[in-house]
Amino acid sequence: TMADSVVPSFEGNISFNAQHSPMGAFMSFTCGNFNTRGGFGLQIGRPGNQNLFIGIKNGDRYTDTPLRVLPFYEGAAADEAARYTQQKDSPASKKLQPYERAEIKRHYGWASDRWETPDFSFTIYSPFRAISDPNEVTFYDDLRPSVIAELVVDNTNGTTPKTAFFAMQFGESGVRLLDSGSFAGDLANGQSTFAGFAFRDQMGVAAEREGWQEEGIEDYKREPFVFNRFDLASGLLESHRHHLGTTPGIGIEVPPGKKRVLRLMLGAYIGGVATTRLEGKYFYTRGYRSLEHVLLDTRADFDSLKSEAVWLDLQLLGKGLSGDQQFLLAHATRSYYGSTQLLDVGGEPFWVVNEGEYCMMNTLDLSVDQVFWELKQNPWVVKNLLDNFVRHYSYTDQVKTTSGEILPGGLSFCHDMGVHNNFSPRGDSSYELAELDRLCFSYMTAEELCNWLLIAACYVSEADDRVWAKSNRHIIDACGESLINRCGESGIIEFDSTRCGTRGAEITTYDSLDHSLAQTRNNLYMATKCWASVLAVQLLLEAAGADKNDVKAFSLHAYRAAETISAAANADGFLPAVFEEGGSPSRILPAIEPLIYPWYWKSDAIRHHTSLYKALARHSELLLKDKERRNYFPDGGIRLSSTSNNSWMSKIAIVQHVIKRILDTVLDHNVVDDLNKADAAHVKWMTEGESAYWACSDQFIDGVARGSRYYPRIISACLWMDHRDDEQESPESEAVGESEQ
């Protein structure tokens, strides 16, 4: 009842997919987009491929009446029986009657997703929590690979029975039914109240009627029944189950004068080795021996899981965010967990976040944006990531000048650890190639070095893990030296890695935007990121107990980088996107993105770099208040680069937070109004067009999802809930400029 009241109905386009995912299982149950398939997706980086039939018919199961269903299926059900009988005119499914948009309300909370029709409600609960450190406790419940759902039918005012059902149509053979024999020992009063269906041994659904213990079993046929035929209508009308069937389901009859709640447990299980080269099993296999075990354990915790979800819904509602921001964060949280994977590699935990539809493993330039959420939820996974990059996916290179001179380089890190559950060879990523000049797939050596340092500094700052900093002092020193070697006299990145080959050049995480953001060398975005990374080295050295002189060297380098950036501003205060002759006309908002790090560390660095702060504030003000609105799309969405029609939601979320919490001097009524309108536009990006099918997407071209779909990185929006700046002084107060140092 509480869940029915706390989350308001979503007023935009409700025909959009959302992932409903447990933690660390690389699994999602996806649904919500009308007229498309969804359901279980295991290790695939996209929605599942099953038609979902969730609905009701008037009468008992044998009454031949229309089937009213949510429109979560692709067209009419195919006549699979014809494949066996060779009869073109064999009976197919009764024509389904999907509810119209106007008949459905959707309530989209942080951990619940509910659809209401005039006849029933259907809710999926996907609670999340902190994942306990496996090195400290036994924690199987944290990683249970399942979510729960409820199908509620209120027939208290009815005079005839109704039959509710949850069924799935699979596109291939492998369906099996789960009954009392599948759940040994799960019997009560001689009758099983728990049954369902599965697809092989990897995914399945089980159900039970809520409250049967209190009422007793009045009429066993009214308890959940399972069916399996080639189509939905036949399954409901015929009591004989066909094991060749591809449309299994669970039904329940609701007598007149009664209300029934069908509880559904939706689980997955992948046993054995799941990855190659670094052979990993899912960590949950330590606590669960089978799919049936997962479903039974989910059943036992159903009430607490539902309560957790409702509590999370309330938490988000109380964060002071706008409705649009609440939606974006709820959407992102689901998508993030759908990409997560906790493995057992050689008896040790190995944390992986897969890169959405691309399924690259632990893409480091995503990790740096996801770190804010992970440190809020479970800091140990960040340490695990840092250590595994050092151990398996680091390398040492040299650098080259534009004239071809080869100079010392140093330690850096791969773009990723592999793809589609296949770990790459040690020291190599799946993504990066040599001999590419500022194009996708080139190396990101400098940025990945910065990313590792920034993640490490965030971890040490938030977790106060000085022991880790001290034990990794040699890595911190090597990273610091490598970072300095990539910079020229300007203090910013000027050289490319020799890994790029003779004609290749390094790129940034903005690889698919225009060259103003794609190139690494003498790039404004990378200049400010380099500045923040030098500060990260300084923080890490201090935490490791380094000599003051070692720390001071990096402090001076940070001032040099800040001075270079500040001096690059033109007379109006605009900062060019590229610090090279000819420059670039691009007006880039990501210039301010790296300010997030010293703010997050609660560092006083921004107050000690007031020239840089003022330069970036002026630059952002020019872009935000530009009369030509070159950094906005026509719908009000934010354009990261004025010369690109490509924009990324995860980066927009960080930039918005920097503007509101760090560069708040640029805010006035018009800017605030524009940012609110941008949030509304971004919600439409997520719920309309391509992203309506692909769930939470990151990369939008003119507001349409064209890449980076089904993506985890948008969890960077969690920054909107962080108010640590309330404890910090304004950068303008007690400021000490660079010239005074």
Side-chain angles (χ1 to χ4, degrees), residues 34-35 37 39 50-100 103-104 115-122 151-170 175 177 179 195-197 205 207 209 218-262 264:
F34 297 176
N35 306 315
R37 290 172 174 255
Q50 304 107 46
N51 282 323
L52 304 179
F53 302 123
I54 305 164
I56 195 171
K57 70 174 181 176
N58 288 319
D60 65 18
R61 67 173 291 188
Y62 302 112
T63 305
D64 193 4
T65 53
L67 307 171
R68 299 301 316 277
V69 292
L70 291 170
F72 301 160
Y73 63 97
E74 189 178 64
D79 187 0
E80 286 292 307
R83 294 178 52 236
Y84 293 89
T85 65
Q86 301 301 312
Q87 296 177 14
K88 293 183 180 179
D89 298 324
S90 61
S93 162
K94 198 82 172 174
K95 184 172 178 61
L96 301 169
Q97 293 186 357
Y99 289 92
E100 298 292 334
E103 296 179 282
I104 306 171
W115 294 266
E116 291 180 347
T117 75
D119 303 304
F120 66 88
S121 69
F122 176 69
L151 180 57
V152 181
V153 179
D154 189 345
N155 197 23
T156 53
N157 295 323
T159 57
T160 58
K162 294 182 177 182
T163 302
F165 50 83
F166 177 95
M168 300 175 68
Q169 185 180 51
F170 291 84
V175 170
L177 295 178
D179 51 28
F197 60 85
V205 182
R209 176 167 73 83
E218 303 165 346
D219 185 343
Y220 183 61
K221 73 176 185 179
R222 288 184 179 143
E223 294 311 309
F225 58 88
V226 292
F227 56 87
N228 186 25
R229 300 294 282 230
F230 293 115
D231 61 83
L232 174 62
S234 298
L236 289 168
L237 291 171
E238 303 291 341
S239 59
H240 297 290
R241 305 161 181 172
H242 198 171
H243 296 292
L244 288 177
T246 54
T247 308
I250 302 163
I252 187 170
E253 291 185 9
V254 186
K258 297 289 185 179
K259 178 180 179 180
R260 290 285 185 257
V261 177
L262 185 65
L264 297 158

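Just so it is clear, the values below take in all heavy atoms, side chains as well, and ignore hydrogens, waters and symmetry mates.
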State whether a side-chain donor-acceptor pair under 3.5 Å links T117 with D119. no
For L151 versus G55, what's the shortest heavy-atom pair and its separation? CD2-O, 4.4 Å
Please answer whether the main-chain N or O of K162 pairs with a side-chain N or O of R61 as donor and acceptor at a distance below 3.5 Å. no
Taking all atoms of both residues into account, what is the closest heavy-atom pair of P66 and K57, and its distance? O-CB, 3.3 Å
Is there a donor-acceptor pair under 3.5 Å between the side chain of R68 and the backbone N or O of Q97? yes
Looking only at the aromatic ring of each residue, does the gap between the centers of F53 and Y73 stay below 6.0 angstrom? yes
At what distance, to the nearest 0.5 angstrom, does CG of L236 lie from CG of D60? 10.5 Å
Provide the closest heavy-atom pair for S239 versus Y62 in the form atom of the first, atom of the second, distance. CB-OH, 3.5 Å
So, does N228 use its side chain to make a donor-acceptor pair with the main chain of R241 at under 3.5 Å? no
Report the distance from atom CG of L67 to atom CD1 of I54, rounding to the nearest 0.5 Å. 13.5 Å
Measure the acute angle between the ring planes of W115 and F122, then classify it against the limits of 30° and 60° as parallel, tilted or perpendicular. parallel
For the student: nearest non-hydrogen atoms of I250 and A195, plus distance: CD1-O, 4.1 Å
